[in-house]
Amino acid sequence: MRFSRLLVPTTKETPNDATLASHIYLIRGGFIQSVGGSGLYNFLPLGKKVLDKVRAVVKDELDKAGCQEVSLSFVTPASLWQESGRFEKYGKELLRFKDRKNNDFILGPTHEEMMVNLVRQTVKSYKQLPLNLYQINLKFRDEIRPRFGLMRGREFLMKDGYSFHASEEDMKREFDLMEETYKKIFTRLGLAFRVVDADSGAIGGSGSKEFMVLADSGEDTIVVCDACDYGANIEAAVCQEKEFTTDTKTQVITMKALYDECISEIVTFVLPESEVLEEVKACNAVKANDLVDVESPADADRHVIDNTLKECTEYVNPEYADISAVQEGDACIHCGAELRYTKGIEAGHIFQLGTQYSEPLGATFLDENGKAQPMVMGTYGIGVSRLLAGIIEQHHDEKGCVWTKESAPFDLHILVSNIKDEAQVALGEKLYEQMKAKGVDVLLDDRKDRFGAKMKDYELLGIPHAVVIGKKLSDDLVEFVTREGMVKEEVSSSAIEALLNERF
RNA sequence: CGGAGUGUAGCGCAGUCUGGUAGCGCACCUGGUUUGGGACCAGGGGGUCGAAGGUUCGAGUCCUUUCACUCCGACCA
């Protein structure tokens with residue numbers, strides 16, 4: 001591709017709402033364009049190329065693991081969601097609308113219902129199981145507050161996979177296979193990540209794990225052990241039991257628990273004064289949809305006491321649960337070493353769903369005895385567009401993007417310094433044609449601009465390697481540049497061909 | 001939804017207090033010079049000032065209503 005023909009609107013100025021490196025550089029580098037704010041983005045040619053490359057890695061590894069790609073209708077009849085009970089339950093993030101015949105529809109925020117519907121219509125026998133189907137398609141979640149560019153858009157590209165099994169054991173086998181497959185994907189993309197235990201949230205199910213791209217800008221706090229591989233989202237983290245006595249000072253936190261159909265109750269949570277209430281755990285302990293602060297003091301309907309206070313008996317009908325957050329320095333549940341906090345970007349999440357969707361939606365198969373059984377399911381997601389942001393969060397410097405090999409928009413960038421210098425142009429064109437012939441995806445900067453402007457754009461775009469053909473060509477020298485660290489090697493014009501042939 | 005703020009050219013902003021011909025930087029177009037670190041000179045195009053209503057001889061500016069977006073909390077790949 002010739003730079004002069006490529007639509008890459010790079011800018012010097014940072015958009016005023018961008019604070020994260022990934023947001024700033026993806027906009028400034030002309031990869032994406034905001035659509036009237038509000039978490040919607042257009043992918044320009046370069047952004048689309050990166051997205052496709054990331055997507056290709058995801059697809060390649062999944063296909064190798066035996067998964068099959070499908071594409072489900074993005075507009076979904078509400079009736080399916082009414083069947084599963086999520087039409088009412090999902091909340092305002094679900095975009096609902098009507099068609100001309102006044103039928104209800106939604107834009108899919110996740111596709112359990114759709115995939116179960118597909119499978120229940122086509123799979124009838126245990127002989128057809130197991131099955132792992134996925135798609136890499138748009139999702140829409142009407143987020144309360146979209147922000148951080150691609151990190152939390154309302155419309156985003158997600159890989160969502162669903163597996164169907166005749167038994168719990170087989171589903172667990174697939175779950176482990178997906179964990180390994182996801183590790184391969186994240187590794188190929190050049191990401192530093194950690195697999196952590198997680199809360200299952202709105203999707204439901206048990207035994208879920210999150211794939212956290214490690215970055216200080218991450219929105220999730222994760223608890224990790226440096227001595228072993230234990231890691232967990234703070235929402236689900238556990239540690240070795242701490243000793244408290246009846247003398248322990250306690251704190252009482254009163255909250256309102258919200259349930260379906262506008263039902264609520266007042267709950268008091270009691271935990272040692274030294275501990276911190278973990279709201280997700282607390283919410284799970286009372287099986288509520290949400291916990292909110294109470295405006296005025298009220299008598300509690302229930303009392304939930306932290307497990308560490310089993311001795312405490314001053315309440316009637318106490319319920320015990322783990323409701324305190326693991327703190328830094330607590331002992332690892334596996335090895336006893338000190339735990340610490342770090343920040344992560346949730347880029348993947350895998351769930352053991354069981355029969356949570358197959359039962360209400362009637363997805364059954366006939367077993368060896370001809371008896372109908374609900375399919376046992378797993379579900380597996382990767383935020384593909386979020387991965388782009390994750391890659392840049394981990395791979396950038398003060399000058400711009402530093403794409404990893406498998407995510408880069410081009411393999412090689414050839415920069416001709418002065419387009420009026422015939423010798424420079426001739427060498428640039430020659431190398432460009434040679435590399436293209438080899439199947440290398442190469443970008444030739446053939447623009448009329450000055451050297452500085454072209455170099456700034458190279459640094460901003462962050463293609464892994466560049467050949468800079470400049471005024472030293474009169475001494476038969478060109479530069480081979482490695483974007484990471486901006487390492488420059490001077491080589492002769494004949495040696496550059498050998499070098500490129502060796503590298504690509 | 002709670003709190004704070006902003007809407008003026010593609011982007012970033014000034015002008016609003018104190019009403020009087022719509023401005024600056026970047027980007028864009030034309031011509032020329034320049035070509036190793038985001039060049040320079042000259043000329044040029046681009047706006048229903050978020051929307052609606054009101055006050056006024058006159059509204060970007062004052063009043064009312066409304067919409068959108070951004071930032072801080074709960075949700076999520």
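Keep in mind the model is a prediction, meaning the values are calculated, not measured. Residue numbers start from 1 in every chain, and the chains themselves are labelled A, B, ... in the order their sequence lines are given, proteins ahead of strands.
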Between B:rU6 and B:rG12, how many Å separate the two C1' atoms, rounded to a whole number?
14 Å
So, A:Asp197 and A:Asn233: side-chain donor and acceptor under 3.5 Å apart, yes or no?
no
Would you say the ring centers of A:Tyr380 and A:Tyr134 fall short of 6.0 Å from each other?
no
Closest to side chain of A:Glu13, choosing from B:rC26, B:rG38, B:rC76:
B:rC26
Over how many whole Å does the gap from A:Asp421 atom CG to B:rU35 atom P extend?
11 Å
Examine the base of B:rG36 for any acceptor or donor lying under 3.5 Å from a partner atom in the side chain of A:Gln424, and report the outcome as yes or no.
no
Shortest side-chain distance from A:Lys448, nucleotide among B:rC26, B:rU34, B:rC75:
B:rU34
Given the C1' atoms of B:rG38 and B:rG60, what is the spacing between them in whole Å?
33 Å
Spacing between A:Lys488 atom NZ and B:rG36 atom C1', to the nearest angstrom:
9 Å
Sticking with atom P, work out how far B:rA27 lies from B:rA68, rounded to a whole angstrom.
34 Å
Please confirm whether any donor atom in the side chain of A:Asp457 sits under 3.5 Å from an acceptor in the base of B:rG38, or the reverse.
yes
If pairing means Watson-Crick or G-U wobble with both distances under 3.5 Å, then the partner of B:rA14 is none
Which is true for A:Gly470 with a 4.0 Å heavy-atom rule: it touches a base, it touches only sugar-phosphate, or it touches nothing?
base
Does A:Arg28 get its side chain close enough to the base of B:rC11, under 3.5 Å, for a donor-acceptor pair?
no
Could you check which nucleotide pairs with B:rU30 in any of the strands shown, counting Watson-Crick or G-U wobble with both distances under 3.5 Å?
B:rA42
Under 3.5 Å for both donor-acceptor distances, Watson-Crick or wobble: does B:rG36 have a partner, and if so which one?
none
Pairwise P distance for B:rG7 and B:rU16, with rounding to whole Å:
12 Å
Between A:Ile185 (CD1) and B:rA77 (C1'), how many Å, whole number?
13 Å
P atom, B:rG20 versus B:rA59: distance in rounded Å?
11 Å
Nearest-nucleotide check on RNA chain B, A:Ile419 vs A:Gly383; residue mapping nearer the 5' end is A:Ile419
Most 5' of A:Ile382 and A:Asn418 on RNA chain B, judged by nearest nucleotide
A:Asn418
Please measure how far the C1' atom in B:rC72 lies from the corresponding atom in B:rU56, and state the result in whole Å.
41 Å
Charged tip of A:Arg96 within 45° of A:Phe87 ring normal and under 6.0 Å
yes
Please determine which of A:Gln135, A:Lys159, A:Lys59 meets the side chain to side chain donor-acceptor pair (under 3.5 Å) test together with A:Glu69.
A:Lys59
Aromatic centroids of A:Tyr25 and A:Trp403 separated by under 6.0 Å
no
Starting at CG of A:Asp199 and ending at C1' of B:rA77, how long is that distance when rounded to a whole Å?
15 Å
Base paired to B:rU66 (Watson-Crick or G-U; both N/O distances under 3.5 angstrom)
B:rG50
If you look at every strand shown and take non-hydrogen atoms under 4.0 Å, does A:Glu459 touch a base, only sugar-phosphate, or nothing?
base
Please evaluate the base of B:rG73 for a donor-acceptor partner in the side chain of A:Arg147 within a cut-off of under 3.5 Å?
no
Assign A:Gly161 to base, sugar-phosphate, or nothing according to its heavy-atom contacts below 4.0 angstrom with the strands shown.
nothing
Once you measure the plane-to-plane angle for A:Tyr458 and A:His413, does it fall in the parallel (<30°), tilted (30-60°) or perpendicular (>60°) bin?
perpendicular
Considering only side-chain heavy atoms of A:Arg152, which listed nucleotide, B:rG38, B:rA77, B:rC76, is closest?
B:rC76
A:Leu7 CG to B:rC28 C1', in whole Å, measures 14 Å
Centroid distance below 5.5 Å plus an interplanar angle below 30 degrees: do A:Phe451 and B:rG37 meet both conditions?
no
Whole angstrom is fine here: how far is it from NZ in A:Lys472 over to C1' in B:rG37?
13 Å
Check: A:Arg386 side chain, B:rC76 base, donor-acceptor under 3.5 Å:
yes
Suppose we define a pair by two distances each less than 3.5 Å, Watson-Crick or G-U wobble; what does B:rA59 pair with here?
none
With a 4.0 Å cut-off on heavy atoms, is A:Asp449 in touch with a base, just the backbone sugar-phosphate, or nothing at all?
base
With no angle test and no hydrogens, is the base of B:rC76 tied to the side chain of A:Arg141 by a donor-acceptor pair under 3.5 Å?
no
Give the nucleotide from the list B:rC75, B:rG38, B:rA77 with an atom nearest to the side chain of A:Met158.
B:rA77
If we take the P atom in both B:rG37 and B:rG46, what is their distance in whole Å?
36 Å
Could you check which nucleotide pairs with B:rG73 in any of the strands shown, counting Watson-Crick or G-U wobble with both distances under 3.5 Å?
B:rC1
Cation over ring, A:Lys488 on A:Phe480, under 6.0 Å and within 45°?
no
Would the base of B:rG37 count as contacting A:Lys471 through its side chain, where contact means a donor and an acceptor less than 3.5 Å apart?
no
Quick check: any donor-acceptor pair below 3.5 Å linking the side-chain of A:Gln33 to the base of B:rG10?
no
Could you check how far CG of A:Leu44 sits from C1' of B:rG10, rounded to whole Å?
13 Å
P gap between B:rG58 and B:rU65, integer Å
23 Å
Do the non-hydrogen side-chain atoms of A:Arg302 and A:Val286 ever get within less than 4.5 Å of each other?
yes
Assign A:Glu93 to base, sugar-phosphate, or nothing according to its heavy-atom contacts below 4.0 angstrom with the strands shown.
base
A:Phe451 and A:Val416, any side-chain heavy atoms less than 4.5 Å apart:
no
Touch check for A:Lys399, heavy atoms < 4.0 angstrom, all strands: base, sugar-phosphate only, or nothing?
nothing
Integer-rounded Å distance: B:rC76 P and A:Glu210 CD:
10 Å
Any-strand Watson-Crick or G-U partner of B:rG19, both distances under 3.5 Å:
none
